[in-house]
Protein chains: 2
Amino acid sequence: MRTFTHGTLSDCGLVPMARKKTKTPTIKDVAAAAGVSTSTVGRVLGGYGYASPETRRRVMKAAKQLGYRPNAIARSLKTKQSRIIGFFLSSITNLFHARIAEGLQEVASSYGYNVVICCTGLNANRASAFGQMLLESQAAGVVFSVPGDEAVIRVAQSLLDNDIPVVTCHGSIRIPSQDRIVCDDFQGGYLAAKHLVELGHQRIGIIGVKDSGTSARRIQGAASFLKEHGIVPSRVSIVEVVSYSTESGYTGVKLLSARDEKPSAIIAANDLMALGVLECLEEMELRVPEDVSVIGFDDSFAEMTRPRLTTVALPMYEAGQVAAQLLLERIEGKDVGEERFITLPERLVVRESTTVYR
Amino acid sequence: MRTFTHGTLSDCGLVPMARKKTKTPTIKDVAAAAGVSTSTVGRVLGGYGYASPETRRRVMKAAKQLGYRPNAIARSLKTKQSRIIGFFLSSITNLFHARIAEGLQEVASSYGYNVVICCTGLNANRASAFGQMLLESQAAGVVFSVPGDEAVIRVAQSLLDNDIPVVTCHGSIRIPSQDRIVCDDFQGGYLAAKHLVELGHQRIGIIGVKDSGTSARRIQGAASFLKEHGIVPSRVSIVEVVSYSTESGYTGVKLLSARDEKPSAIIAANDLMALGVLECLEEMELRVPEDVSVIGFDDSFAEMTRPRLTTVALPMYEAGQVAAQLLLERIEGKDVGEERFITLPERLVVRESTTVYR
DNA sequence: TTGAAAGCGCTAACAC
DNA sequence: GTGTTAGCGCTTTCAA
């Protein structure tokens, strides 16, 4: 699949290697070709200011003919702002981050902005190096989707000091008085409990994670629904484990079975834990969902478990889109007032791990 | 968590809103402060050319004192090249792409380059829009990790026409005479077969995917090992299904069971299919791995299945790193000669779905 | 409605 | 070793 190019003198080896690559045309070349000034070309191509229809036509034609392409760098030098949006995340292999990135990118690029990924891992140095780079390349804005440690906050602050707007999108980070997007953990928990109760379950086990705000809110949401709908409190067991892991899910079930009331349905604080729950239940020769219903959170790999996991899905893609939207409004200097705090609703995805009681 | 800033006159509301934000210092300011010329500053800060130790010291000090930060945009305008590397991929939520992206980003940023993600989805327009943007922002290089349709090839070509180096990294795309990185599918297949034979299996079932080069190479690799090690050909069954899906894996097992020789081990062309295999086997009341061993490819979610899947892992992270390396060499104009073709070895990950025969 | 011209901040050729 | 200077390609006054 060879591409043929026009034959030139250099093809016959008689002229130096010079690779005469015709210089990319600039606004100046277009101006010359159209017989107008560069400022006129700028006006019509940039779409601002006035130009007579005739001139406009001529410029357009010349530009097309020359294959003119604006130089974003030159423009940025003048406007003191590139069309780069930085995205801080710990790892792009984390499905949540990937979904956010995709939503972000989609909206950003529809506005002509590029998304630069800044995977910080657990490394604080890395974060500040990215901050540096973003500053040097005159980034237009930055979204943070990382744990909010001190180093990161400092980075955000230095960005803000340079008038680069910043938003946070999911993740424990909180930057004082900046736009923030989160998922409605409480409502997600509420949804999970609602689903189970509607299926007729009355004895509910909940496995939460210690010291996790997200887990706490999910539990609160579930508990709130349960209370509102007359579920006898003594029939609701809440246990707490140390981490969001399969092992913890497993442990959680053990803890639950030590209680007086054996649950007919279990809410795990995320899918990974729900997987551990499934595993433990199988060992105990309890069938899911016939004997026990199980529900997780996140919708991260719920399609892959057997039975397929009923779960509460998080709107990460939308979160990314909203993050872009809010950021872009700030970037373009719209008067949107104070900091904004957006809470996105979660959504129940019913699969195979839950069914009617008895 | 409020950050206190130095009190200024404007704090007391007596001066206009003006936000006197002290203009970011430029090379000029540093020059003035150090009592030298801008070119000297450029030389010491840029690290090229000569400068006496004394001058160097003075410049450094002035730069630090002023909080000088080079303006990447201005530099790019001059050098006609930004430090942006474009990464074309269909979706970042695809784990492979995410891993490549991470490897790519890691190396790229260690060299001071930024990675811009270009998620094309299945949309050809999108690809050319990204190409446009990359051209306009004077990208330094681009890596492609997408299906190689015509539109994308055109984009790559236009990049090349503008002297922007391009490499492909995993994915069916092939750009004539450019560096290319792939995983060694053949060797992966070989590895899978070797593992099973070493466990004592003699009757092997292989489920491949029609019209897939990757699948074909994996099968060839497996077949090759089998032949070399005296496995009776009639005891090896190869069936082909239509897609890389759970359903296809399921179908594959059905196809295999219709054959005379019932396999004691099954190789599925990827993990998704292996999941279907697991499912079908369970329905047939065959235990894995006691009755049948199962092996997949990709290591995409093999930790999540029950039993956990033995699989052949693809070195995507490394692929991303290598892609960055090759690209950077081209970008920095190293004389690395002709197009390079790198084949990365795959790796067997033994989990629970395979065991010794009988 | 259009044009001339002054930079944006940096690099690099050239002169000293 | 160091300084002068001319741009890179664009935007944006200001005048015409």
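Every chain is numbered from 1 and lettered A, B, ... according to where its sequence line falls, protein lines coming before strand lines. The structure displayed is predicted, hence computed values, not measured ones.
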- Query: Can you check whether B/Phe144 reaches B/Val155 side chain to side chain, under 4.5 Å on heavy atoms?
  - Reply: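 In short, these two side chains touch, coming nearer than 4.5 Å.
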
- Heavy-atom side-chain proximity of A/Phe88 to A/Leu134 below 4.5 angstrom: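 SC-SC contact between A/Phe88 and A/Leu134 confirmed.
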
- Message: To the nearest 10°, give me the bend of the helix from C/dT1-D/dA16 to C/dC16-D/dG1, comparing the axes of its five terminal pairs at either end.
- Response: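 Between the first-five-pair axis and the last-five-pair axis there is 40°.
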
- Message: Considering only residues two or more places apart or on different chains, which pairs with a residue in residues 133-156 of chain B satisfy side chain to side chain donor-acceptor pair (under 3.5 Å)?
- Response: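 Counting only pairs at least two positions apart or across chains, the side chain to side chain donor-acceptor pair (under 3.5 Å) contacts touching residues 133-156 of chain B are B/Glu150-B/Arg154.
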
- Query: Applying side chain to side chain donor-acceptor pair (under 3.5 Å), which residue pairs with at least one partner in residues 319-331 of chain B are found, sequence neighbours left out?
  - Reply: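 Sorted pair list: B/Glu106-B/Gln321, B/Asp179-B/Arg330, B/Glu329-B/Arg340.
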
- Start and end of chain B contact along DNA chain C [non-hydrogen atoms, under 4.0 Å]: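 First-to-last contact on DNA chain C, by the 4.0 Å heavy-atom rule, is C/dG9 to C/dA12.
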
Treating [X] as the side-chain partner and [Y] as the backbone partner, does any N or O pair qualify as donor plus acceptor under 3.5 Å?
X        : Y        : value
B/Asn162 : B/Leu159 : no
B/Ser128 : B/Gly131 : no
A/Thr120 : A/Asn123 : no

- Item | For atom CG of A/Leu77 and atom P of D/dG7, their distance in whole Å |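 These atoms are roughly 17 Å apart.
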
- With sequence neighbours excluded, what pairs up with A/Glu339 under the side-chain hydrogen bond (donor to acceptor under 3.5 Å, both in side chains) test?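 side-chain hydrogen bond (donor to acceptor under 3.5 Å, both in side chains) list for A/Glu339, sorted by chain: empty.
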
- Query: Would B/Ser91 and A/Glu102 count as a side-chain hydrogen bond (donor to acceptor under 3.5 Å, both in side chains) if you check the C-alpha gap in whole Å, the side-chain angles of each, and the deciding distance to 0.1 Å?
  - Reply: CA-CA 7 Å; B/Ser91 166; A/Glu102 200 144 313; 3.0 Å; yes

- Query: Between the side chains of A/Thr79 and A/Ser76, does any donor sit under 3.5 Å from an acceptor?
  - Reply: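 The criterion, which ignores hydrogens and geometry beyond distance, is not satisfied for A/Ser76 and A/Thr79.
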
- Query: Toward the 5' end of DNA chain D, which comes first, B/Val36 or B/Lys80, by nearest nucleotide?
  - Reply: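 Mapping each residue to its closest nucleotide by heavy atoms, the 5'-most match is B/Val36.
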
- Heavy-atom contacts, protein to nucleotides 10-16 of chain D, under 4.0 Å, summarised as B (base), S (sugar-phosphate only) or - (none) per nt, yield BBB----

